[in-house]
Amino acid sequence: MPRTNMTRNWKMRTRSINNPVCYAVLRMFILMSLAFSAGGIRSFASEKGDADSILAVLFPDGKAIGQPYTRNHTDIRMVRVFSEDEAYGIFRRLCGKKYIFPVDDGRHHYHACLLVKPYTGYLLYSFHVKPGTYEVGVIYVRSPELRKLGIKELHLVKAIKMKK
């Protein structure tokens with residue numbers, strides 16, 4: 001059967017849907033929305049302070065957290081931490097009081113949380129980093145509103161202690 005433009009376009013359109021991470025987060029979003037509508041889980045989206053705390057963590061003193069990862073990618077930030085617990089603590093502060101759930105794409109394991117209003121999207125935390133670097137984790141920001149503010153990823157890098 002010859003390939004037509006219609007079959008090529010269909011494959012391109014379904015490529016992002018077939019991504020296992022996207023599918024797992026979408027599935028979890030649907031399950032959580034059903035639970036919220038049933039009233040079994042209390043929604044924290046109406047509480048004040050959650051959206052403000054995200055901005056307080058990402059923009060302390062009005063400037064973006066950390067420093068640019070490279071000169072060409074200022075939307076990818078590098079944040080120095082002293083331990084893996086501190087790195088995961090930053091992710092937990094960004095998520096606030098929301099439920100953090102595991103996501104697995106078959107190769108890597110992530111932790112994810114959905115953002116509160118007025119933000120849409122979700123955050124992914126990954127322990128899988130480039131070997132040979134001092135990185136301890138990466139937070140992927142999957143929110144159009146936060147990306148417009150200039151943050152796409154947070155690379156959490158272990159701070160080197162100076163010897164005396």
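Along the sequence shown, the residues carry numbers beginning at 1. It should be emphasised that the depicted structure is a prediction, and the values quoted were computed from it without experimental measurement. Computed from heavy atoms alone, side chains included, the values below leave out hydrogens, waters and symmetry copies.
The main-chain N or O of K63 is never found under 3.5 Å from a side-chain atom of D61 such that the two would form a donor-acceptor pair. Side-chain atoms of R147 come within 3.5 Å of backbone atoms of V141 as a donor-acceptor pair (strictly under, hydrogens ignored). A donor-acceptor pair is defined here as one N or O able to donate and one able to accept, closer than 3.5 Å; such a pair exists between the side chain of E145 and the backbone of T120.
Using a 4.5 Å cut-off on side-chain heavy atoms (C-beta onward), L146 and Y119 make contact. M78 has its side chain out of reach of P68: every pair of non-hydrogen atoms, C-beta onward, lies at least 4.5 Å apart. Y110 places none of its side-chain heavy atoms less than 4.5 Å from the side chain of D104. A heavy-atom distance below 4.5 Å is found between the side chains of K152 and I76.
By the criterion of side-chain heavy atoms lying less than 4.5 angstrom apart, applied directly or through intervening Ile, Leu, Val, Met, Phe, Trp or Tyr residues, I160 is grouped together with Y69 in one hydrophobic cluster. Residues L154 and Y134 do not share a hydrophobic cluster, defined by chaining ILVMFWY side chains whose heavy atoms lie under 4.5 Å apart. One hydrophobic cluster holds both I54 and V57 under the rule that ILVMFWY side chains link at heavy-atom gaps under 4.5 Å.
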Next item on the list: Go through I100 and Y88 one step at a time and tell me if the side-chain contact (heavy atoms from CB on, under 4.5 Å) criterion holds.
Entry: CA-CA 12 Å; I100 297 174; Y88 192 70; 3.8 Å; yes

Note to self: Evaluate Y99 against L114 for side-chain contact (heavy atoms from CB on, under 4.5 Å), listing each step before the verdict.
What the structure shows: CA-CA 8 Å; Y99 177 67; L114 300 174; over 6 Å; no

Next item on the list: Go through V136 and V157 one step at a time and tell me if the side-chain contact (heavy atoms from CB on, under 4.5 Å) criterion holds.
Entry: CA-CA 6 Å; V136 294; V157 179; over 6 Å; no

Item checked: Derivation of the side-chain contact (heavy atoms from CB on, under 4.5 Å) call for R80 and Q67 -> CA-CA 9 Å; R80 297 189 191 281; Q67 63 191 52; 3.8 Å; yes

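The ring-ring contact (aromatic ring centres under 6.0 Å, His included) test applied to F127 returns H111, Y125, not counting sequence neighbours.
In this structure, the separation between CG on L124 and CD on E153 is 10.5 Å, given to the nearest 0.5 Å. Summarising the geometry, atom CZ belonging to F101 is positioned 9.0 Å from atom OH belonging to Y122; distances are rounded to the nearest 0.5 Å. Distance check: H155 NE2 to R77 CZ gives 11.5 Å after rounding to the nearest 0.5 Å. For the atom pair OG (S126) and CG (L156), the distance works out to 10.5 Å, reported to the nearest 0.5 Å. With rounding to the nearest 0.5 Å, the separation of SG in C95 from CG in L115 is 7.5 Å. Once rounded to the nearest 0.5 Å, the distance linking CG of D75 with CG of L149 reads 12.0 Å.
For the residue pair V79 and I90, the shortest heavy atom distance occurs at CG1-CD1, 4.1 Å.
Other residues, nucleotides and ligands contribute only 12 or fewer heavy atoms inside 6.0 Å of the CZ atom of F82.
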